[in-house]
Amino acid sequence: MKVAVFSAHPYDRNFLEEANQREPVPFDLIYQEASLSLQTAAFAQGCDAICIFVNDMADAGVLEALNKLGVRAVLLRCAGFNNVDIDVAERLGFFVARVPAYSPEAVAEHTIALIMTLNRHTHRAYNRVREGNFMLDGLLGMTLRGKTAGIIGTGKIGSATARILKGFGCHVLGYDPVASPDFEILGERVDLTTLLSRSDIVTLHCPLFEENRHVINRETLGLMKAGAMLINTSRGALIDTQAVILALKSRHLGALGIDVYEQESALFFHDRSSDIIADDVFQRLMTFPNVLVTGHQGFFTIEAMREIADVTFQNLRCLAGGTDCPNTVKKA
Ligand code: NAI
């Protein structure tokens, strides 16, 4: 079975090759540095399946093109599947599978890294001390013990984040349409308005759907406590970035930490250091001292990369053997 692996960086190849070597009959993996789009779909010519990541686009047009090439499966190396048109995939008979949980703790720990960095300004302290500036002005933080953290989406990552915050001595609130027993032993389930109005830190851990696109907008930002911190390690489009910029400018929003960005596909996972970045919204974000952006690295630990590779091969084995796959993605 031949698989076109899109958005394949050297680290992806290393972990996939390591897992492939354990297969009794290794799969034929064709690595493409390019991300999947209508322009690059043809690279899957002659392949049975494609293997994609968060910023590869498998919309209706791309799926139609892949179908014409004889591709019959989409293997996601990630949990979120908002980049795949599941309706069209089902209509065309594609097998679609994902890696539902590669390391919730990896993303939760990165969420904490964003919170801690923004709160104690270690990103600024690092630069200052290297330049021989040992002043503390501008580095004042808050003690997390006793503060309220609001988790939007109390699934695997949300609950892992709640567990760590609870360890800091925070009071934890959670908003989720579905109750989670894992979360309920850690915190209090509330509605969204209550969460926003009571939290010193609001952190997003829900999947992106059309219904919750821009769930953080001008109105919901207005419900947040003045000076609160907003963290998003989930999906960029959960936040209306223009509204967030206004809230930062008015100083209502105290700090922003994001590992995801609505227009990230043009930037993240690429070296743009010699380019002129044309995204003025992103560039405006970069000017705030209380904004920290990382380039979708929440998942990026050795353990998570191994899990992604292992589960991708489990999914491939199901496809090849025609057996039931626990990780298939179906229409809700
Ligand atoms: P999960 O499926 O375990 O939990 C998601 C939770 O969100 C569920 O409990 C669900 O009921 C809830 N939910 C659904 N719609 C909601 C809404 N409108 N408002 C509030 N809650 C809602 O998923 P998991 O593993 O915790 O992942 C969460 C998200 O994290 C993924 O969908 C993905 O977007 C993101 N992610 C980010 C990574 C990164 O590297 N930054 C890596 C992996 C996942």
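Read the numbers this way: they start at 1 and go in the same order the structure lists the ligands and their atoms.
Of all protein heavy atoms, the one lying nearest to atom 40 (O) of ligand 1 is Phe299 N, 3.0 Å. Here the heavy atom of the protein found nearest to atom 28 (C) of ligand 1 is His205 O, 3.4 Å. Ranking protein heavy atoms by distance to atom 19 (N) of ligand 1, first place goes to Tyr175 CE2, 3.4 Å. Atom 2 (O) of ligand 1 has as its closest protein heavy atom Lys156 NZ, 3.9 Å. The nearest protein atom to atom 4 (O) of ligand 1, hydrogens excluded, is given as Gly155 CA, 3.2 Å; this is a heavy-atom distance. For atom 15 (N) of ligand 1, the closest heavy atom belonging to the protein is Phe209 CE1, 3.8 Å. Residue, atom and distance of the protein heavy atom nearest to atom 18 (N) of ligand 1 are Asn212 ND2, 3.4 Å. Of the protein's non-hydrogen atoms, Asp176 OD2, 2.6 Å is the one closest to atom 9 (O) of ligand 1.
Under a 4.0 Å criterion applied to the non-hydrogen atoms of Val178, ligand 1 contributes the atoms 11 (O). Less than 4.0 angstrom separates some heavy atom of Cys206 from each of these atoms of ligand 1: 7 (O), 13 (N), 16 (C), 20 (C), 21 (N), 22 (C). Per-residue contacts place Gly153 under 4.0 angstrom from the following atoms of ligand 1 (heavy atoms of the residue considered): 7 (O), 20 (C), 21 (N). Ligand 1 places these atoms under 4.0 Å from at least one heavy atom of Gly298: 40 (O). Proximity to Val107 (heavy-atom distance under 4.0 Å) selects the following atoms of ligand 1: 38 (C), 42 (C), 43 (C). Taking every non-hydrogen atom of Pro207 and a distance limit under 4.0 Å, the qualifying atoms of ligand 1 come out as 5 (C), 7 (O), 13 (N), 14 (C), 32 (O).
Checking only distances, Arg235 does come within under 3.5 Å of ligand 1, N or O to N or O. Residue Thr233 has at least one nitrogen or oxygen atom sitting less than 3.5 Å from a nitrogen or oxygen atom of ligand 1, judged on distance alone. Taking any N or O of Tyr102, backbone or side chain, none lies under 3.5 Å from an N or O belonging to ligand 1.
Of the heavy atoms in Ile157, both backbone and side-chain atoms come closer than 4.0 Å to ligand 1. At a 4.0 Å heavy-atom cut-off, ligand 1 touches His296 through the side chain alone.
At least one heavy atom of Pro177 sits under 4.0 Å from some atom of ligand 1. Residue contact annotation: Ser234 has a non-hydrogen atom under 4.0 Å from ligand 1.
Other residues, nucleotides and ligands place more than 12 heavy atoms under 6.0 Å from the CE atom of Met286.
The pair Glu23-Arg317 counts as a salt bridge, with a side-chain nitrogen and a carboxylate oxygen less than 4.0 angstrom apart. The residues Glu64 and Arg91 are annotated as salt-bridged, a charged nitrogen and a carboxylate oxygen being separated by less than 4.0 angstrom. Ion pair Glu188/Arg198 flagged as a salt bridge, since at least one NZ, NE, NH1 or NH2 atom sits closer than 4.0 Å to an Asp/Glu carboxylate oxygen.
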**OP:** Check the pair Tyr11 / Phe300 against ring pair (Phe, Tyr, Trp, His ring centres under 6.0 Å), numbers first and verdict last.
**Re:** CA-CA 10 Å; Tyr11 47 81; Phe300 200 48; 4.7 Å; yes

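Criterion: ILVMFWY side-chain heavy atoms under 4.5 Å apart, direct or through other members. Under it, Ile258 and Ile152 are part of a common hydrophobic cluster. Cluster membership for Val215 and Val244, using ILVMFWY side-chain heavy atoms within less than 4.5 angstrom, is shared.
Note: Arg251 CZ to Leu253 CG = 12.0 Å, rounded to the nearest 0.5 Å. Here OG1 of Thr148 is found 5.5 Å from NE2 of His171. Values are rounded to the nearest 0.5 Å.
Counting only heavy atoms from C-beta outward, the side chains of Tyr102 and Asp310 never approach each other to under 4.5 Å. In this structure the side chain of Leu139 reaches within 4.5 angstrom of the side chain of Arg128, judged on heavy atoms. For the pair Leu204 and Ile231, the minimum side-chain heavy-atom distance is 4.5 Å or more.
Between Phe299 and His296, the angle of the ring planes goes over 60°, which puts this pair in the perpendicular group of the 30/60° scheme.
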